[in-house]
Q: 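If you scroll down you'll find the structure; I have some questions about it.
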Amino acid sequence: MTEAWRPDGDDDRTRRTGSAVKVRVPAKINLHLGVGPLRPDGYHELNTVYHAISIYDELTARRGDTLTLTMEGEGAGELALDETNLVIRAARALAAHARVPAHARLHLRKQIPLAGGLAGGSADAAAALVACDALWGTGLSRDELAEIAAGLGSDVPFLLHGGTALGTGHGESVSPVLARPTTWHWVVAVAERGLSTPAVYHELDRLRAESAAPAPLGPADDLLAALRQRDPAVLGAALGNDLQAAALALRPALADVLKVAQAAGALAGIVSGSGPTCVFLAADAAHGGRIAAELAAAGVCREARTAHGPVPGARVI
Ligand code: ATP
């Protein structure tokens, strides 16, 4: 039997009052991102450890006669709000699955940078699934939502889930990492411009074909052991990303971001997913604040934010 997906019982309350549903969804970073060789089907097998951090998008859903999307914040005026937007695609996929009309007025407040390697689009898709499920009272099981999520993108199932989790396949097959609760403190260096995820994968394939890429990371065993030790210095030493060399090749200026944070005392630094966002591990919140201030002062990134993780996935608030 599948578990019913009832975020804090808000779907029931929404049906009674007809009020707006607001969902908060985090960004993700990859503590370990092992990328397998390019397969004949054009995909790479991934072996990753996802980690949800406290940088959030917010999606508000209200009743409407058609399906509309408005937005503010990161990427406003740049991101298409039509059928290509992952929010709209997720709402339509849920409506088709539940056989209900896809009618809602959706508003997105975006803080997750666009094309930043933080999976903001996937986060918004997860938020739309949870918000519309509550608005429409479709009451799908968690497994059903995860299945729709996987059809929308590899990172979407994790962003329903949140926390820290192992991702395999294309990343869509997610299992939670069980560790004693620990809060990790991060500094997130946001770049001026995004990087295309497919371009970064192509660059990795090219570097590998020329034997110019570092040896692949393989399984996440060391990272998982480090998480259990709850020591930020140990976790820092275990972070790894096979896409980092490719992101640096396409955006050499990222090397300066990594250097400045290291000089500022970061325990470790890594490109997040396909980049260009870089994330740094701090000993505690105050240490993170000092590293962020030094990054901002050096002018090597558009913005340096502090964040913590793990945090839950898409939830009604
Ligand atoms: P990923 O690593 O998941 O490929 P990313 O974090 O680098 O992605 P995203 O911000 O998720 O980047 O967006 C990737 C692309 O997805 C965008 O350039 C945009 O064309 C498309 N997209 C569609 N809907 C959204 C959305 N709601 N938010 C952000 N991007 C979206």
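Atoms within each ligand, like the ligands themselves, are counted from 1 in listed order.
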Q: If the test is side-chain contact (heavy atoms from CB on, under 4.5 Å), which one of Val200, Ile270, Leu33 qualifies with Gln244?
A: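 Considering Val200, Ile270, Leu33, a side-chain contact (heavy atoms from CB on, under 4.5 Å) with Gln244 is found only for Ile270.
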Q: Could you name the protein residues that come within less than 4.0 Å of ligand 1, counting only heavy atoms, and order them by chain and residue number?
A: Leu79, Thr84, Asn85, Leu86, Lys110, Pro113, Leu114, Ala115, Gly116, Gly117, Leu118, Ala119, Gly120, Gly121, Ser122, Asp124, Asp155, Thr197, Ser274
Q: Would you mind checking if Arg290 and Glu294 are paired as a salt bridge, meaning a charged N to carboxylate O distance below 4.0 Å?
A: no
Q: Classify the side-chain pair Trp184/His51 by whether it contains a donor and acceptor separated by less than 3.5 Å.
A: no
Q: Check Asp242 against Pro216 and note the closest heavy-atom contact, atom names and distance.
A: OD1-CA, 3.6 Å
Q: Are His44 and Asp205 linked by a side-chain donor-acceptor pair shorter than 3.5 Å?
A: yes
Q: Scan the side chains in residues 93-119 for donor-acceptor partners under 3.5 Å anywhere in the protein, sequence neighbours excluded, and list what turns up.
A:
residue : atom : partner : partner atom : Å
His97   : NE2  : Glu144  : OE2          : 3.4
His103  : NE2  : Asp65   : O            : 3.3
Arg105  : NE   : Arg63   : O            : 3.1
His107  : ND1  : Thr70   : OG1          : 2.6
His107  : NE2  : Glu72   : OE2          : 2.7
Arg109  : NH1  : Glu58   : OE1          : 3.3
Lys110  : NZ   : Asp57   : OD2          : 2.8
Lys110  : NZ   : Asp124  : OD2          : 2.9

